Amino acid sequence: MITLSTLNKYKKEGKKFSCLTCYDAMFAKMMENAAVDTILIGDSLGMVVQGHDSTLPVTIADMAYHTANVARSNKHALIMVDLPFMSYVTLEDAIANARTVMQAGAHVVKIEGGAELCDLVAKLAAAGTPTCVHLGLTPQSVNVFGGYKVQGKSDDSANKLLNDAKALVAAGAAIVLLECVPAALAKAVTAAVNVPVIGIGAGSDTDGQVLVMHDMLGVTHGRTARFVHDFLTDERNTARSVEGAFALYHQSVQEGSYPTEAHQFK
Ligand code: KIV
């Protein structure tokens, strides 16, 4: 079974690890068979499962429901769960909502934001709840950004992101997740912190990679982000099976053949 200690050991050894989003029992079992290291029950479920235009309508009850479904059938992966939009604005809400998803089967809770989350991260850590802090393109703030855009492109925003990551780790964050940032910035953050860093659209130098399951199976409306690769139709997935796609993704991340330069932002 993969734990935070496993991921910390992988970081020290320079061994890459895989993460996929997952929302139900059957896919969770296939991910177990494919040895995927980490599962994220992402609030992306609002878009890929529920059909909303953003992650904002997702509730803590939705997250707990999908977490329990996944946790019941996958005993291998470290399970991370998003606290959804506006569910961790006050300390009281954050603690109650973190308890709900931890009791549903999460091992780590994921929250979006910068250094302003330091107090919360420290409180949760002290209460036995490790956090993954999501920086860069944080989809819950889509209305602040004015769209899903690459972040950290200017020197100022890159420095802020790097400092946020350092502050959050100093406060007790167990994992950093970087979404849609230039590869050079992700490399700098990965070198600067002593906890595992997971990237999506963040280049090949992070310790781990994550993709939304539907994207890497080619289950999209046709328009895909530049960092997405379809592992289902990849010719190396000789069985052309979903489980084969998960295994190929895991292997490609481990050996460093995914992501390539073509998948990254400069
Ligand atoms: O909710 C989600 O699926 C995520 C990933 C895009 C990292 O946060």
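In this text the structure is predicted, and so the values were computed from the model without any measurement. Numbering of ligands and ligand atoms starts at 1, following listing order.
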Is it the side chain (CB and beyond), the backbone, both or neither of L40 that lies under 4.0 Å from ligand 1, heavy atoms counted?
-> side chain
Provide the number and element of each atom of ligand 1 under 4.0 Å from a heavy atom of [X].
X    : answer
H134 : 8 (O)
G42  : 1 (O), 2 (C), 3 (O)
T21  : 3 (O)

Could you find the nearest protein heavy atom to atom 2 (C) of ligand 1 and give me its residue, atom name and distance?
-> S44 OG, 3.3 Å
Polar contacts were defined as any N/O atom of the residue lying under 3.5 Å from an N/O atom of the ligand; does this apply to [X] and ligand 1?
X    : result
D82  : yes
D43  : yes
E179 : no

With the side chain counted from C-beta on, respond yes when P84 and D62 share a heavy-atom pair under 4.5 Å apart, and no when they do not.
->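 No. Closest side-chain heavy atoms not under 4.5 Å.
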Would you check if M213 and L217 make a side-chain contact, meaning some heavy-atom pair closer than 4.5 Å?
-> yes
Only one of N163, D156, D164 passes side-chain hydrogen bond (donor to acceptor under 3.5 Å, both in side chains) with K160; say which it is.
->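 The single option meeting the side-chain hydrogen bond (donor to acceptor under 3.5 Å, both in side chains) with K160 is D164.
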Would you list the pairs meeting ring-ring contact (aromatic ring centres under 6.0 Å, His included) in which at least one residue belongs to residues 191-220, sequence neighbours left out?
-> Y23-H214
Any chance CD of E255 has more than 12 other-residue heavy atoms, nucleotides or ligands included, within less than 6.0 Å?
-> yes
Note: with side-chain heavy atoms under 4.5 Å as the link, the other cluster members for M47 come out as L56, F85, M86, V89, L137, V142, F145, Y148
Give me the ring orientation class for F227 and F265: parallel if the planes are under 30° apart, tilted from 30 to 60°, perpendicular past 60°.
-> perpendicular
Is K110 in contact with ligand 1, taking contact as a heavy-atom separation below 4.0 Å?
-> yes
